[in-house]
Amino acid sequence: RAAGMSKMQNKGKAQPAAGKPSAEFEEGWHKMEVAFERLINFVQNDFQVKAGASEEDVPGSNEWTRWQMNAYATVYNLCTKNEGKASGNTSQQILYQRSQAMIEKYLSDRVNKQVADKKGEELLRNVYTAWKHHLVVVRWGRFQFRYLDEYYTKNQNICSLRIMMLKCFQTAVYEKIKHDLCQVLLAEVQRERDGIEINRTYMQLVIQLFVEMGMDSNKIYEQDFEVHFLEETAKFYKRASAVWLNENGGNFTYLRRVEKALNEEHNRALSYLHRTSLENVINCVETELLTNYQMQVLEDPDAGTEALLMNNKTEDLGRMFTLFKRISKGLEPMSAILRDFIKKEGKEINKRFCDGDIDGNKYIDACLDLYDKYTAMFEVYFENCPIFHKARKEAYEVFINETLTPSKGESSGNKVTSSELLSNYCDNLMKNEKVDPDELEAKLHKIVCLFSNISDKDLFQEFYRKSMSKRLLVSKTDNDNERQLIAKLKIKMGAPYTSKLEGMIVDKTLSAETHSNFMDYCRANNIELKIEFSAQVLTTGFWPAFKIDNVNPPEILSNCMDLFKQFYDHKTQSRVLKWVHSLGTATVSSKFKKGQKEMLVSTYQACVLLLFNSKAVISAGEMSKELALALDEVKRTVHSLAFGKFAILKREGENKKKQIVEDDEFQVNEEFQHPTRKFKIPNVIKTVGDPVEKTDENRRHVIEACIVRVMKSRKQLSHLDLQTECIRQLSNYFKPDMKIIKKRIEDLIQRGYLERDEGDRNIYRYLA
């Protein structure tokens, strides 16, 4: 019975036609249409409420909010009803189709009328308004039909409401106006480039329309707008660059205009273009303004790189660097011009030195000042870019390694290398006791920077070792300053390069300890020395080779020497002492008519002077026999005591020539006078052998050692490969001559270290 009654009740209700939604569904949909109409009216009235509107037509009011919430609830109720099953369409599908049709009708009836047949700025304004309104419609539409997005579009794999509404706009509006709209936008950009102010807010929103039409892709934006924008940009700057360069004085202001144009395009892209366009726009402008005119700008005789360097226009050079670093390989031509200019400046310094306008110290100062000038320029204007440091190094390696032949001065007519000049410069710097520590530190840093560009670093080492030995033994020098420079050279070249220099410093320190031990030895054995005696013990391998003469010193000196030898032999059983008298110094006290004087002299000079304690008059020949010293050395020593500023001795007879012969007799000059009580008589320390010859000899051994080392590791190499590897390994110390390398290879073959391959004479094999 119950079942029968249910059937009778159902039959009593009015049923909808097959395939049509129910009246209840239609009633709900009508509410949605009313809500949408209210939204459209509000949007079409430019977000203003019409006069006399009811509360439910006022956005933000309680009644408006209630209506919108009711719209959402209505969509929910409609979607949950099983409508349209007979026709195969669900209620969600019907609702989705009707909402799409409603959007299409709104766009066709209202929006199309706003933009149809519009041109120029009117089209831009109307599209701006229509698109702004449509974005609001999309936002509210998504809210009202949110249930469809959450449970229908995702599950059915169809377009979301946002995409559907954008596609509706694309079909109904965008496709009809895109070409005209693009032209209007490009015209507005052109007006802005011409200096006319435009509404960037309009531009930003309308260009965003092209982006949104891509439906989460930039393809439409790039095809319909960006490609045309870049074409017009290229055309504009192609015309502008030609005008800028060809107008009077344009070459001087061209880079400033390029800089301004790039800044403007950068700001323009950030203001209203899509973020992906920035790089493309900047690349386009750089190509037209910089890449296409690169060499013309850099090589301009009035405003190019060389002209700016010549006139010291550092700010303009900084601008040139900043702009050309933006393009691929933009800095290489600029650095090449800089390298050639520095090379030219360096050669001018070389010429001034060879002409006698500057001496060796001023030559090094000029090279250091030039180095400082570009160091400051690189730091401030070139961001310390490595390519410019490399260019400067290449330039310095050319001019600073030239062999110089000065036409004036002490070295007139003699060939001089930068290694020798730099060594002499360091020598003068170390002898300067008044130099400030901070100034010295900065100076030494510059010296090492300059040193790094010298190819013959081994030759500098030999010259420096020679001058350093004189400073340590004769002159007063600060060992801390010496260590400071040695430490910098060690960092630059490694420990083997400075080992001998460090050994010399160590010898000086140990000599002080040895003297203290010697005095303790004398006190322990109750030995009293008649003079103040101090001996410096030098290691043969560290110091340059000095001339050794077998001198028979006066007894007062020889007794001290014998005692020290006895002490040293007892202390070190296996070491042999050789006295180098040419390096010794002594303080001799003498009484003249004008008063007592103390003279700082060499050991040879002291030995000669002490002979006059036993004889009033002595000939040069007798001095030679008494001291067992070569006559030439005696003549040289007596000459320093009898002629010039310090005439301690005077020659008897009428011979007025300064040349001394064996029979010339000398006596003490009792009339000698000097303004100071204590003074130094100059003495020249002579080393054995020329540093250049010594360096050449050392190089032969170094090259041989390198050849053997390479062949020992490789076992077999061709002549070219062996030669290349040797040059690579030795170039840090000097540039080996290929002829010398070949000669050393031949010598090693003769000595059985290498052999030639019987099948190929250009291949060498190492013999273990």
Side-chain angles (χ1 to χ4, degrees), residues 346 349 352-353 357-376 379 392 396 400 404 406 409-411 416-454 457 459-493 497-498 500-509 511-512 536 542-544 583 585 600 676 678-685 687 691:
I349 296 175
R352 289 168 57 200
F353 174 75
D357 296 337
I358 55 175
D359 59 16
N361 285 337
K362 290 183 179 178
Y363 170 80
I364 297 298
D365 275 330
C367 293
L368 292 176
D369 291 343
L370 184 65
Y371 199 91
D372 283 348
K373 170 187 170 183
Y374 287 103
T375 297
E379 288 178 355
R392 178 178 61 180
Y396 263 77
I400 205 167
L404 308 175
E410 296 179 359
S411 303
V416 182
T417 64
S418 55
S419 299
E420 182 178 358
L421 294 175
L422 185 60
S423 174
N424 294 339
Y425 184 86
C426 294
D427 184 47
N428 292 326
L429 184 63
M430 292 298 177
K431 288 178 181 177
N432 186 0
E433 298 177 359
K434 298 180 181 179
V435 64
D436 182 73
D438 294 335
E439 182 184 348
L440 178 66
E441 166 67 23
K443 206 82 168 178
L444 293 179
H445 175 73
K446 297 175 188 177
I447 287 171
V448 174
C449 290
L450 187 61
F451 162 81
S452 64
N453 297 300
I454 294 176
K457 296 180 176 63
L459 185 58
F460 169 84
Q461 180 192 40
E462 196 62 32
F463 277 114
Y464 187 81
R465 190 162 69 108
K466 179 181 176 181
S467 60
M468 179 179 168
S469 67
K470 296 177 182 179
R471 291 195 300 274
L472 294 175
L473 298 175
V474 178
S475 306
K476 289 184 178 180
T477 183
D478 189 341
N479 287 352
D480 290 338
N481 293 345
E482 300 283 359
R483 289 192 183 95
Q484 200 172 348
L485 179 56
I486 292 171
K488 292 182 180 296
L489 292 173
K490 186 176 183 179
I491 293 172
K492 189 71 179 177
M493 299 298 297
Y497 186 83
T498 59
K500 292 182 179 180
L501 303 178
E502 290 175 313
M504 293 165 70
I505 298 289
V506 171
D507 279 352
K508 281 289 292 183
T509 305
S511 291
Q536 298 188 60
F542 295 154
W543 298 77
L583 303 180
T585 60
L600 184 61
T676 60
K678 191 173 184 178
F679 54 88
K680 178 181 178 181
I681 300 178
N683 177 43
V684 179
I685 297 179
T687 56

- Message: Between Arg483 and Asn479, does the side chain to side chain contact (heavy atoms under 4.5 Å, CB included) criterion hold? Intermediate values first, please.
- Response: CA-CA 6 Å; Arg483 289 192 183 95; Asn479 287 352; 3.6 Å; yes
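- Between Lys434 and Glu439, none of the side-chain N atoms (NZ, or NE/NH1/NH2) sits under 4.0 Å from a carboxylate O, so this pair counts as no salt bridge.
- Using a 4.5 Å cut-off on side-chain heavy atoms (C-beta onward), Lys431 and Asp427 make contact.
- A distance-only check finds a donor-acceptor pair linking the side chain of Tyr497 to the backbone of Lys457 [under 3.5 Å].
- Atom-to-atom distance recorded for Phe451:CZ and Ile447:CD1 is 11.5 Å, nearest 0.5 angstrom.
- Taken from CD1 in Ile486 to CG in Leu501, the straight-line distance is 5.0 Å, to the nearest 0.5 Å.
- Across every non-hydrogen atom of Gly360 and Leu421, the tightest pair is CA-CD2, 3.9 Å.
- No donor-acceptor pair under 3.5 Å is formed between the side chain of Asn432 and the backbone N or O of Asn428.
- Minimum heavy-atom separation, Ser419 to Ile454: OG-CG2, 3.4 Å.
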- Taking it one step at a time, do Gln461 and Met493 satisfy side chain to side chain contact (heavy atoms under 4.5 Å, CB included)? CA-CA 11 Å; Gln461 180 192 40; Met493 299 298 297; over 6 Å; no
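- Proximity of a side-chain donor or acceptor of Ser469 to a complementary backbone N or O of Pro544 within less than 3.5 Å is not detected.
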Would you be so kind as to tabulate the donor-acceptor pairs closer than 3.5 Å made by side chains of residues 502-509, with sequence neighbours excluded?
from   : atom 1 : to     : atom 2 : distance (Å)
Glu502 : OE2    : Lys490 : NZ     : 3.4
Asp507 : OD1    : Thr539 : OG1    : 3.1
Asp507 : OD2    : Thr539 : N      : 2.8
Asp507 : OD2    : Thr539 : OG1    : 3.2
Asp507 : OD2    : Trp543 : NE1    : 2.7
Lys508 : NZ     : Leu472 : O      : 2.9
Lys508 : NZ     : Gln536 : OE1    : 3.0
Thr509 : OG1    : Ile505 : O      : 3.2

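- In this structure, Leu368 CG and Cys449 SG are separated by 9.0 Å, a value rounded to the nearest 0.5 Å.
- Considering all non-hydrogen atoms of both residues, Met430 and Tyr464 come closest at CE-OH, 4.1 Å.
- Put simply, OH on Tyr425 and OG on Ser418 are 14.5 Å apart, with the number rounded to the nearest 0.5 Å.
- For the pair Leu429 and Asn481, the minimum side-chain heavy-atom distance is 4.5 Å or more.
- Listed here is the closest heavy atom pair of Tyr396 and Leu450: CE2-CD1, 3.5 Å.
- Taking 4.0 Å as the cut-off between side-chain N and carboxylate O, Lys373 and Asp369 do not count as a salt-bridged pair.
- Using a 4.0 Å cut-off between charged side-chain N and carboxylate O, Lys362 and Asp365 make no salt bridge.
- For Gly346 against Leu370, the heavy-atom pair with the smallest separation is N-CD2, 4.3 Å.
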- Message: Between Glu462 and Lys500, is the salt bridge (Lys or Arg N to Asp or Glu O under 4.0 Å) condition met? List the steps.
- Response: CA-CA 10 Å; Glu462 196 62 32; Lys500 292 182 179 180; 5.8 Å; no
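- For the pair Tyr371/Arg392, a side-chain contact is recorded, criterion being any heavy-atom separation below 4.5 Å from C-beta on.
- No side-chain heavy atom of Phe353 sits less than 4.5 Å from a side-chain heavy atom of Ile364.
- The NE2 atom of His445 sits 9.0 Å away from the CG atom of Asp372 when rounded to the nearest 0.5 Å.
- Between Leu489 and Val448 the shortest heavy-atom distance is CD2-CG2, 4.4 Å.
- Arg352 contributes no side-chain N or O that, together with a main-chain N or O of Tyr363, makes up a donor-acceptor pair within less than 3.5 Å.
- We find the NZ-CG distance between Lys466 and Asn424 to be 9.5 Å, quoted to the nearest 0.5 Å.
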